[in-house]
Amino acid sequence: MTSTLDATSRTKGRWKPRDVWCALAGVVSLALAAGAASTVTVPVNSDLGLVGVLPYPFWAGVLLLNVAFVVALRGDAAGPARRPVMIWLVVVLVLVLFGTAAFVTDVPRGEVAFRHLGIADALSRTQGIDPDIDAYFNWPGFFALLATALRATGLDPVAVALWAPVVDMGLWLAALGVLTRYLTRDPRRRWLVLWIFCLGSWQDQDYLSPQAFGFFLHLVVIALVVGPLAARPPEFRGFRRADLAAWWRGRSPAEPRPGHRVSALAVTLLLVTVICASHQLTPFMLLIAITALTLSGRVWPSRLPLITAVVLALWLVYPASAYLVGHPPLADAGLEAATEANVVDRLSGNAGHVLVVQVRVVLTLVLWALAAAGAVRDWRRGRLDIRVVLLAVTPLLLFPAQSYGGEMLIRVSLFALPFIAMQACSVLLPTDGNTRPSFRAAGGLALTCFLLAVLTVTGRYGNARYDVFTDSEIAAVAAVQRLAPPGSAIISAAHPTPWQSEDYLEHKYRTIDDLCRSDLSTATCGPLVYGYARHNPAGAVVLLTRASQASLVLKGASSTRGFAELEAWLSAQDGVELVFSNVDARAYRVTP
Amino acid sequence: MSGGGVSRPTVALGLAAVALSVVTLVGLPTPLQTVAATAVLVLLPGQALARLTQVTDLALGALLVLALGLAALTAVSTAMFYLAVWSWQACVVTMGVITVLACMARARQEAAC
């Protein structure tokens with residue numbers, strides 16, 4: 001296959017004292033951060049999330065790690081520190097940033113990972129796919145993989161979900177590491193891209209999920225497209241038809257061996273098919289990226305966008321048709337609707353929650369501003385790589401197409417992040433490639449990285465008050481699943497509930513938040529919930545947990561007092577009895 | 001190279017796939033079962049398929065082992081669910097067969113050289 005761009009990275013020779021010190025600093029950083037995180041008690045009682053309760057040794061570890069990385073990156077005139085040292089420091093960063101919650105508690109964070117375990121469990125029990133169940137059964141690829149892997153390996157599903165962020169980030173970085181080898185020959189830039197990518201990953205999409213798996217495969221496909229499947233266009237002469245035709249015909253393949261291009265294309269097609277089978281959004285992001293690169297003359301198989309579109313359309317028309325009949329993809333399209341769902345609705349809640357959301361916005365804007373400055377700098381020096389710019393910008397095209405449950409902006413920022421990080425490096429490193437940063441520049445870089453790390457930890461773990469669950473809440477969910485008869489409804493107050501990991505198909509799962517929409521007052525919401533529970537033929541169990549209550553209060557949908565009133569009203573109704581109670585949860589059975 | 005122009009890694013890969021498939025199906029204590037199942041479901045098929053691409057770049061080759069292994073297992077598992085013939089044992093056998101077939105294809109490439 002085509003060779004990567006040559007780097008001047010040092011791989012031979014003796015270890016220098018600086019390399020050893022940097023590696024040791026990584027060990028100390030990990031010990032400080034992990035040790036400090038393990039002292040945090042659950043539940044997290046801060047509206048700012050983990051950042052409000054992490055003790056100072058954690059931050060000392062993060063600061064030391066960033067300083068060690070910058071020292072290692074600066075290296076000497078021959079390049080950065082040895083490759084094992086750089087890899088070790090990146091591993092430590094991944095453990096510190098993405099394993100923090102696992103050091104705090106042995107319960108996976110967030111509701112969705114539990115649900116995804118439940119879907120895999122349901123698949124392995126039914127041994128078939130019924131697309132009428134819900135959207136997950138129209139894109140079952142990842143869940144089929146998960147079901148097979150869990151059954152064959154005998155791994156504990158909860159442990160898999162707990163450490164999934166670390167594993168997923170490792171996979172993403174492996175793909176990004178290969179991808180950057182095709183985009184730059186500067187070893188310092190390659191390492192810094194990985195570092196900035198980690199520091200900008202506040203989106204929290206690396207849990208056990210189809211999108212995390214899809215994003216990994218997406219990065220691998222992009223690596224193949226800019227690597228073995230790349231084309232070298234001739235000099236661009238203008239937009240006249242004859243010039244464009246000559247320019248298009250003048251492209252040449254970057255990989256000279258046809259057999260290798262064919263095998264790379266076959267791999268790409270397999271990965272595209274698996275992406276289409278696994279996640280709704282990722283294939284659209286991939287199609288846009290490949291199309292943009294092809295139109296820029298940088299992809300040799302010019303029909304690759306067409307082939308990708310056909311595979312995607314076939315999946316939508318056949319396996320996913322059951323879902324799409326009731327959910328047209330462009331039903332809520334439009335810039336205004338997307339802005340409302342992705343920005344306005346998220347900037348509500350109490351002061352702490354709003355601050356966390358603002359931190360996420362600021363972090364994203366800072367990285368985009370750095371990338372813009374880097375692009376201008378590269379353009380002035382005639383070094384702007386159009387591939388990086390296109391890959392950074394094209395995800396934005398999907399923003400007005402779908403609100404995606406208010407998560408489109410999060411997904412857009414994630415898909416753009418690797419290339420935003422790459423472009424930002426142009427302003428964070430010296431202008432001349434392979435030049436060693438000065439002491440002053442290195443100091444500024446270390447400070448910038450540390451500040452980005454603080455922002456990322458704040459944004460990423462900002463919902464810890466309600467997405468870090470206690471053992472009592474897990475016990476309550478287990479008790480409810482035991483108490484609820486088959487066919488009954490299980491009603492939780494709000495979505496951060498660690499449920500559905502078992503008996504996914506046995507019950508109807510609803511939340512008071514969804515049943516009552518915008519008005520959670522006792523007068524309006526109480527009769528709605530009670531009526532829904534009473535009219536369910538098999539009855540219902542209402543589960544009220546600390547986390548779900550905290551979520552409603554933090555987001556401004558209810559208050560502690562209003563929530564208590566609603567619970568008191570429900571518990572006083574006919575046919576309602578308290579069947580389970582512990583320090584963090586109560587469960588009421590509602591007979592039909 | 002072994003007899004017939006087939007390289008030792010190709011033969012070893014095919015034999016390892018057969019042996020580990022059997023061991024995984026028979027069952028091992030948890031940590032060993034995890035290692036054996038991961039190898040037979042992801043790493044060996046990924047390696048066998050990646051070798052067919054004749055990739056020369058070490059980093060890209062390692063990445064393709066993971067990506068191809070995971071993608072092939074996803075494709076096999078999903079197809080089995082749609083055909084209502086899924087079981088994890090059937091997936092182990094299928095991935096073992098894919099590995100052996102990929103090794104045979106690689107052996108033909110090597111013999112032709």
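Chain identifiers are assigned alphabetically (A, B, ...) following the order of the sequence lines, protein sequences preceding nucleic acid strands; residue numbering begins at 1 within each chain.
Within the 4.5 Å cutoff, the side chain of A:Phe142 has no heavy atoms near those of the A:Val274 side chain. The shortest side-chain heavy-atom distance between A:Asp121 and A:Tyr504 does not fall under the 4.5 Å cut-off. The side-chain heavy atoms of A:Tyr136 and A:His116, taken from C-beta on, include a pair separated by under 4.5 Å.
The closest donor-acceptor contact from the side chain of B:Ser77 to the backbone of B:Thr74 lies at 3.5 Å or more, if one exists at all. Counting only distance, with no hydrogens or angles, the side chain of A:Trp315 and the backbone of A:Asn138 share a donor-acceptor pair below 3.5 Å. Counting only distance, with no hydrogens or angles, the side chain of B:Arg51 and the backbone of B:Cys103 share no donor-acceptor pair below 3.5 Å. At least one donor-acceptor pair under 3.5 Å links the side chain of A:Arg261 to the backbone N or O of A:Glu255.
The salt bridge (charged side-chain N to carboxylate O under 4.0 Å, His left out) analysis of residues 162-176 of chain A, with sequence neighbours excluded, yields no pairs.
Taking chain B as the reference chain and counting heavy-atom pairs below 4.5 Å, the highest number among A:Ala223, A:Ala147, A:Ser278 is found for A:Ala147. The greatest number of non-hydrogen atom pairs below 4.5 Å with chain A, out of B:Leu28, B:Val92, B:Thr78, B:Leu52, is found for B:Thr78. The most heavy-atom pairs under 4.5 Å with chain B, out of A:Ala174, A:Pro140, A:Gly154, A:Ser124, come from A:Ser124. Of all the listed residues (B:Val85, B:Leu68, B:Val76), the one sharing the greatest number of non-hydrogen pairs under 4.5 Å with chain A is B:Leu68.
B:Leu58 CG: 12 or fewer foreign heavy atoms inside a 6.0 Å radius.
Using a 4.5 Å cut-off between heavy atoms, A:Phe213 touches chain B through its side chain atoms alone. For chain A, no part of B:Leu49 is nearby; none of its heavy atoms comes within less than 4.5 Å.
The interface of residues 31-43 of chain B with chain A, defined by heavy-atom distances below 4.5 Å, comprises B:Gln33, B:Thr34, B:Ala37, B:Thr38, B:Leu41.
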